[in-house]
Amino acid sequence: MKRTETYLLNMGPQHPSTHGVLQVKLTLDGERILKAEPVLGYLHRGIEKLMESRTYFQCLPYTDRLDYISSMNNNFGFAMAVEELAGIEVPRRAEFIRVIMAELNRINSHLIGIGTLANDLGASTGMLYCFRDREYILDIFNEVCGARQTFHYIRIGGVAGDFTDKARELTEAFLERVPKFLSEYDQLLTGNEIFTRRIIGISAMTAKEALDLNMTGPNLRATGVARDLRKLDGYSVYGELDFDIPVGEHGDNWDRYQVKMKEMAESAKIIRQCLDKMPEGLIMAKVPKMLKPPKGEVYSRTEGTRGELGFYIVSDGTTKPYRVHIRRPSFVNMQGLDLMCRGMLIGDSVSAYSSIDPIMGEVDC
Amino acid sequence: MKQRYLTAEELARIKGNFYTVSIDEEEKPPIYVSPEEFIPLMQLLKTNPRLLFTHLSCLTAVDWKDTIDVVYYLFSEYLGAYVVVKVKTIRNHPEIPSVTSVFPGAEFEEREVYDLMGVKFTGHPDMRRILMPEDFKGHPLRKDFKYEKPAPPKATRVSGEEEEADA
Amino acid sequence: MEISFLSGLALWLRGEIYALTGLPILSDLALDIIGIALLLGIISMAAIVFTYGERKVCAFMQVRIGPNRVGGRFGLLQPVADMLKLMSKEDIVPEGADKVLWALSPALLFVPAALVYAFFPFDAGAVLADVNVGVFLLFAISGQAVLPFLMGGYASNNKYSMVGGFRVVSQMISYEAPLLFSLLGILMITGSMRLEDIVEAQSGGLWFIFLQPLAFVIFLISAVAETNRTPFDLVEGESEIIAGPFTEYSGMRWALFFLAEYANLLTAAILATTFFLGGYLGPDFLPGFVWFGIKAVLMVFVIMWFRWTFPRTRVDQILTFGWKAMLPLSILNVFLTGVVMCALGLV
Amino acid sequence: MELRDRVPESLRQNVLILKVDELFRWAHANSIWPLSSGLACCAIEMMSTATARFDLSRFGYEVFRPCPRQADLLIVAGTLTYKMADPIVRLYEEMPEPKYVIAMGSCAIAGGPFADSYSVVEGIDEVLPVDVYIPGCPPRPEALIDGMLKLREKIMHPERVAAERAKWAERKKAKEAKA
Amino acid sequence: MFGKGLLTGMGVTIKHFFGKKETFCYPEEKLPMAEGFRGGDLTMDWRVCIGCQMCAMACPNKALDLTVVTDAKKKRHMKYYIHKTGRCLFCNLCVEVCPVHTLQWDKNYANSTWNKEDMVHDAMTDKDRADLDIFLSDVEKKAKAEAEAKAKAEAEAKAKAEAEAAEGKPETPKAETKAAPPKPEAKAEAAKKPAAQNAAPDAEKKAAAAEKKKGGEA
């Protein structure tokens with residue numbers, strides 16, 4: 001009688017395809033995975049504890065370091081939470097600039113997601129093209145707020161710098177590039193039989209399983225549930241913009257890849273509308289230097305690039321928050337990793353990590 | 001949350017069949033519930049056809065120096081509204097039933113609350129620390145957490161012919 | 001035996017040595033030594049040139065400029081710097097490793113890669129060992145390149161290397177058969193297994209790539225799988241099992257693996273040129289071996305082009321593709337060649 | 001260098017006098033293969049250094065080896081936490097000998113924004129011997145290329161490093177004398 | 001046909017193989033920096049700086065530790081402006097909060113070093129400190145001179161007052177009072193004139209000091 005023995009393979013904190021310091025303990029039978037247990041905490045920097053000893057203005061740069069690929073969306077979430085707590089009204093022009101920056105950052109983040117997926121499956125050229133196109137977005141950010149990655153641009157009450165004409169011109173140039181580079185990825189990756197065979201039908205997930213595991217963002221939409229907080233809550237000026245939500249059917253890696261590709265096209269559409277609708281006017285509301293929000297708590301959620309990004313802030317009337325909890329989408333999506341890797345081969349677990357696309361700064365907070 | 005909060009009579013209807021639930025008169029009052037009746041309340045909120053709070057948006061704990069509150073934000077697409085459920089626990093050995101029986105997706109967040117705040121969840125499938133190293137003493141997010149950092153491990157250079165690079 | 005530039009040179013040299021020493025054995029010996037030295041030179045040159053070529057081709061395809069700082073404007077000394085650095089690295093033997101197999105596997109891998117070069121006809125008469133069962137012997141030798149990978153994987157006492165070793169065995173064995181079967185068509189047409197006869201059979205522009213297109217496609221795919229390059233580079237699947245059997249090797253040992261891999265790459269290119277692109281045949285404004293060189297480098301470029309375009313296939317996909325698609329197709333090709341030859345009355 | 005002077009004037013152009021370790025130093029300096037081990041935000045800047053626009057491969061450094069056995073440079077790009085300290089020490093000790101360490105970003109230099117957090121090691125020089133420090137949070141890819149060139153200079157000319165270290169030592173003595 | 005997608009993929013790569021490259025050769029050509037770029041070290045001009053330490057308070061991570069020295073006229077000046085790059089977030093809060101806008105980034109991002117000591121950067125060089133000492137000493141001298149002048153003026157005024165009292169007690173006292181007030185006003189204007197140079201921040205400083213008290217006790 002054939003007796004096989006399972007063994008434990010440790011995809012350690014340093015592994016080319018675990019996107020940073022994620023450790024996954026795989027229990028393997030030959031090359032088939034029986035159990036995948038993620039070990040987190042290698043990048044736990046205790047941001048929630050640090051925020052308790054800093055004023056609201058000083059907490060904002062810390063949100064840049066959470067999901068360090070989409071820093072704008074983190075600033076956006078935290079700023080909206082504090083504005084709701086302190087009752088600050090943001091001028092319309094600042095709202096539109098915020099939406100433009102958040103959507104540009106969504107494209108930036110999805111480009112990295114698709115680039116690392118291609119690189120982990122072996123096509124490193126795909127990654128190089130994604131990073132080349134990402135540089136044009138970083139030029140816009142560099143022009144507007146002076147930094148390439150940790151922007152600290154969306155402030156409580158508005159935005160730090162105005163949307164200059166040079167930034168508008170760069171954005172227009174970028175919007176023309178978007179359909180070109182999306183079609184290039186279709187030619188290079190989507191049409192490629194080896195690429196499609198590697199991700200079609202791999203780590204599929206039904207809508208019920210995804211909802212039970214509390215997954216949100218592209219991973220949930222890939223299973224067919226059209227839940228997008230930009231449409232559901234309609235926060236900021238998303239209510240006035242019309243865009244549709246791309247949805248997959250089987251919830252496998254192919255649908256996650258397709259949802260991200262279509263979302264980039266949608267984000268470009270949103271930026272197009274914002275550029276046309278942006279009014280002139282102030283970019284910063286009147287915010288007291290020593291901001292003391294009233295005693296109480298608030299939970300404000302926005303659609304981050306990887307799912308529902310929520311900020312739960314309890315204030316006790318002083319300038320420093322009493323407690324800040326950050327509902328991190330990548331952290332909750334990690335629960336789906338075990339389900340996605342079960343029964344797959346080692347090669348597929350690699351595509352599972354890069355289609356969940358966890359950012360360890362956000363997972364370990 | 002940009003969504004609306006439950007109206008007073010909806011809250012009253014929920015309070016109807018639970019006697020340990022207390023709702024005070026704030027503008028958006030959280031539902032305080034005792035650990036014993038916590039799981040039935042969550043069951044009701046999730047499965048009742050007129051409520052359908054199917055999405056557990058946020059699960060966290062706040063340390064109020066005398067008690068530790070575990071906070072649950074639930075959201076229902078059917079009603080288009082959210083509700084806040086809070087459970088008070090005793091400070092020195094907090095213990096409340098785990099909600100993974102109702103919301104399986106809360107497993108990691110409960111482990112994080114146990115790891116950083118020290119609230120034990122009975123009935124949780126895998127009650128271990130998730131972020132801090134296994135042998136870490138204490139729970140960092142508590143207000144009375146005192147900790148001085150140990151000396152980190154030092155790498156030894158095998159050949160060492162080049163003298164130690166100056167610190 | 002036609003006389004070409006290289007074989008003429010060899011004959012002249014033999015005459016000179018014979019005139020000097022008067023002993024036929026000595027001149028043969030001298031000639032063989034010179035031949036071996038030349039071949040080893042070609043193999044090490046192949047490693048140096050192709051590491052540089054690979055990085056430049058990869059850079060150009062990824063819209064960036066490759067190494068252009070080390071040694072002059074084009075970075076030509078980059079591979080020299082790499083080799084020298086690899087030579088002077090510390091040699092770590094993992095504790096618990098099987099010392100004998102550990103030391104033997106890089107050397108063993110290099111032996112078949114170098115031995116195969118003795119049979120290639122670089123020019124009309126210029127072949128080190130003119131064997132009339134050339135093709136058969138060629139594949140017998142290159143067949144045992146599988147063992148060193150497995151030895152390396154087993155000896156380095158590391159789970160990733162073990163998994164890499166398993167993958168190597170399954171992949172290389174399953175692509176050995178289609179590789180051979182795809183050449184049967186050509187052997188049937190030429191009727192002889194001597195490499196020079198195969199090249200002569202393609203004279204007059206009738207290259208086998210036009211006569212046997214299906215065989216060329218199968219051969220190319222199997223050759224790429226045999227040399228473990230993308231899209232079949234499961235052995236060294238960076239993102240999955242780090243560096244496969246070479247995970248624990250460092251410094252010069254790893255450089256030997258690296259050298260053998262590039263030698264195998266050139267072998268695959270030379271095989272493709274000899275069998276399908278008419279070896280050293282070409283319009284005679286260039287000598288034979290220059291044509292041979294151009295076609296070989298062209299084939300190397302195509303294989304590199306595969307590497308920087310395609311993702312990696314999964315282990316089970318490779319095996320099913322090998323057994324279920326490649327083998328039947330190559331047998332079909334043999335059958336078709338037979339039918340056509342009967343129809344044309346050649347048999 | 002009396003050896004070099006003995007070469008006659010006419011041949012000086014095409015005669016290269018080189019000590020062996022100088023040759024190996026040149027080889028090490030020009031082909032440093034970094035280990036692809038990014039910890040946090042600086043890792044994304046490290047990756048974009050190897051891409052099309054900033055192109056680390058012009059210096060021959062773009063071969064990011066996944067396993068420490070074949071790498072000779074450990075770029076610590078991100079925050080080092082106590083839980084990650086042991087693995088990073090193990091990574092460092094697994095690398096074959098002529099190995100170098102670059103501390104990239106504020107977090108690696110002195111703990112950066114998270115210096116007073118309970119789980120962050122303040123600066124990796126408490127854990128590893130560091131060769132080059134690159135300030136910035138995160139440093140621009142050009143700053144990383146500048147740091148790599150500084151490392152290249154450190155390998156090629158150890159005497160400059162010794163001079164710098166001497167200057168720094170007596171500057172420190174002067175400060176202590178004044179304090 | 002099975003290979004169609006593969007061939008289009010190869011078409012894309014070969015197109016880029018011969019296409020234009022995207023690389024900036026860093027050490028030779030440098031990317032133009034946006035004017036709002038936040039990088040390098042902090043630079044400030046000690047003459048403009050009023051020593052209010054707002055930047056040190058605004059920093060999230062206490063990366064600035066400043067030593068302030070007060071001159072004879074009880075006005076503050078910066079002596080040591082230590083900017084710990086190892087703790088800095090480059091979040092620009094200090095540059096934006098500075099009331100006199102003297103804090104700037106020097107945009108020199110390529111400043112990697114071999115030893116860790118250069119990471120603790122002092123925005124005021126030794127030469128600045130030397131100029132500061134000269135400035136303090138002459139402020140000292142001016143203050144001393146004024147003090148003597150004031151003392152002499154008081155002495156004369158006292159002497160004249162006694163002389164008038166001695167000469168004719170019946171004279172009306174109004175003249176004295178008229179004479180006394182103009183003298184102090186003159187003195188006040190005189191005092192104000194040398195400080196005209198940073199008169200505007202005085203008001204500001206009072207507001208900052210008040211605020212600091214309020215911030216302190218909050």
Side-chain angles (χ1 to χ4, degrees), chain C residues 51-52 54-71 73-95 156 158 160-161 164 236-255 257-258, chain D residues 16 18-37 47-74 90-100 141 145-146 148-149 151-153 155-156:
Chain C
T51 34
Y52 175 73
E54 177 108 59
R55 284 167 82 156
K56 269 292 188 184
V57 161
C58 155
F60 276 19
M61 284 198 183
Q62 291 172 351
V63 201
R64 54 189 172 91
I65 306 173
N68 65 356
R69 294 273 155 158
V70 184
R73 222 168 65 75
F74 295 100
L76 293 172
L77 287 183
Q78 184 62 50
V80 173
D82 287 345
M83 274 312 158
L84 278 176
K85 182 208 76 169
L86 283 175
M87 258 195 262
S88 54
K89 291 289 283 189
E90 173 196 0
D91 178 18
I92 299 176
V93 179
E95 173 243 359
S156 42
N158 171 336
Y160 285 111
S161 317
E236 207 221 307
E238 256 116 23
S239 58
E240 288 146 27
I241 44 168
I242 311 225
F246 323 140
T247 320
E248 291 298 336
Y249 283 86
S250 71
M252 199 51 205
R253 287 186 206 283
W254 182 72
F257 273 120
F258 203 60
Chain D
L16 182 65
L18 204 62
K19 287 211 291 288
V20 175
D21 67 353
E22 215 173 80
L23 174 72
F24 279 120
R25 242 187 274 133
W26 169 81
H28 284 301
N30 279 324
S31 101
I32 308 171
W33 289 355
L35 180 73
S36 63
S37 86
M47 273 151 63
S48 46
T49 314
T51 52
R53 174 169 285 190
F54 302 103
D55 200 0
L56 204 54
S57 77
R58 286 176 289 119
F59 310 93
Y61 299 153
E62 103 283 12
V63 185
F64 275 88
R65 290 306 304 167
C67 82
R69 284 280 188 261
Q70 289 128 22
D72 20 274
L73 163 68
L74 176 65
R90 185 144 177 243
L91 271 181
Y92 178 73
E93 277 161 1
E94 262 179 19
M95 286 159 67
E97 188 27 52
K99 50 194 172 187
Y100 312 101
I145 291 179
D146 178 67
M148 295 285 256
L149 294 181
L151 177 66
R152 182 175 186 281
E153 196 193 339
I155 299 170
M156 290 279 277

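So you know, we letter chains A, B, ... as the sequences are listed, proteins then strands, and number each from 1.
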Handout entry: Set of salt bridge (Lys or Arg N to Asp or Glu O under 4.0 Å) partners for D:R25, sequence neighbours left out
Key = D:D21
Problem - Atom group of D:F24 that falls short of 4.5 Å from chain C, counting heavy atoms - result: side chain
Exercise for the section: Check each atom of C:Q78 against the heavy atoms of chain D and say whether the ones under 4.5 Å are side chain, backbone, both or neither. Expected result: side chain
Completion exercise
So CH2 of D:W33 and CG of C:L86: to nearest 0.5 Å the spacing works out to 4.5 Å
Fill in the blank from the handout: Here the gap from D:S48 atom OG to D:D55 atom CG, rounded to the nearest 0.5 Å, amounts to 12.0 Å
Problem - Which portion of D:A71 sits near chain C, non-hydrogen atoms under 4.5 angstrom - result: backbone
Problem - Sequence neighbours excluded - salt bridge (Lys or Arg N to Asp or Glu O under 4.0 Å) pairs with any residue from residues 76-87 of chain C - result: C:R55-C:D82, C:K85-D:D72
